A.B. asks: 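Handing you a structure now.
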Amino acid sequence: MNIFRIIGDLSHLLAIIILLRKIWKTRSCAGISGKSQILFALVYTTRYLDLVTTYVSLYNTVMKIIFIAVSIATCYLIYMKFKATYDHNHDTFRIEFLLAPAVILALLINHDFTFLEILWTFSIYLESVAILPQLFMVSKTGEAESITSHYLFALGSYRALYILNWIYRYHNEEIYDLIAIVAGIVQTALYCDFFYLYITKVLRGKKLQLPA
Amino acid sequence: PVHEQDHDEL
């Protein structure tokens, strides 16, 4: 474990807590892409099945359970409890165009052709693009509430910090995982324009307005 | 450097 991964995991935890709390407190999921949340729930449930087979550490187990529980709870709030506030009209990204390539790529490029390894690889590929429906929705509505942009900043920072973690592990522990690294770079790259807008606008108290 | 086998990351 290293500082980059710890801060990255905490940033990730912060992001999903910010989102769950925002929906719960405002009793509304306006501006939130339910499709992205479904993809994230799928990412965690497919990646963390090894909860039942391998024990890494208490930290690892607790965090996996939290990620699965919070992502499913968020989907429940969006699609069940506060369904009336779900913005169907702007959450229109075709997620089959993300799921199919992730499945195909996981079957073609993986470390080991076993059930759990294919699921893990699918989860890594899917996570790299899972935020697209949310970014697409923000671009369609042309703006995002500041709490949503804090959520996106924390979520984007987590994988950016993981890149530093992978560099650290490559040099200090002499191990690396190319699938996770390439997917992590793609995932972080997708946030770049958002990071720019967040730093130049939101941190100066302005609303996040995207050029529609 | 070797390829990481066990997925010990989240």
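Sequence lines set the chain letters: A, B, ... in the order given, protein chains first and strands last, and positions in each chain run from 1. None of these values were measured; they are calculated from a predicted model.
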A.B. asks: Ring-plane angle category for B:His7 and A:Trp120, please: parallel below 30°, perpendicular beyond 60°, tilted otherwise.
C.D. replies: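 Answer is parallel, since the angle falls under 30°.
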A.B. asks: Tell me, yes or no, whether the heavy-atom count around A:Phe115 atom CZ, taken from other residues, nucleotides or ligands under 6.0 Å, exceeds 12.
C.D. replies: no
A.B. asks: In terms of heavy-atom proximity below 4.5 Å to chain B, should A:Tyr44 be classed as side chain, backbone, both, or neither?
C.D. replies: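 For A:Tyr44, neither part sits under 4.5 Å from chain B.
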A.B. asks: Quick one: CG on B:Asp6 to OG1 on A:Thr54, what's the gap to the nearest 0.5 Å?
C.D. replies: 8.5 Å
A.B. asks: Which bit of A:Asn165 is near chain B, if near means a heavy-atom gap under 4.5 Å: side chain, backbone, both or neither?
C.D. replies: side chain
A.B. asks: At what distance, to the nearest 0.5 angstrom, does CD of B:Glu4 lie from CD1 of A:Ile179?
C.D. replies: 11.5 Å
A.B. asks: So which heavy atom on B:Leu10 is nearest to which on A:Tyr48, and how close?
C.D. replies: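 Heavy atoms only, the tightest pair is C-OH, 3.3 Å.
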A.B. asks: Between A:Arg47 and B:Glu9, does any NZ, NE, NH1 or NH2 come within less than 4.0 Å of an OD or OE carboxylate oxygen?
C.D. replies: no
A.B. asks: Please report the interatomic distance CZ(A:Arg169) to CG(B:Asp8), rounded to the nearest 0.5 Å.
C.D. replies: 4.0 Å
A.B. asks: Calculate, to the nearest 0.5 Å, the distance between atoms CG and NE2 belonging to A:Leu178 and B:His3 respectively.
C.D. replies: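 Spacing of CG (A:Leu178) from NE2 (B:His3) equals 5.5 Å.
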A.B. asks: Rounded at 0.5 Å granularity, tell me how far CD in A:Glu117 sits from CD in B:Gln5.
C.D. replies: 8.0 Å
A.B. asks: State whether the number of non-hydrogen atoms from other residues, nucleotides or ligands found under 6.0 Å of A:Phe82 atom CZ is greater than 12.
C.D. replies: yes
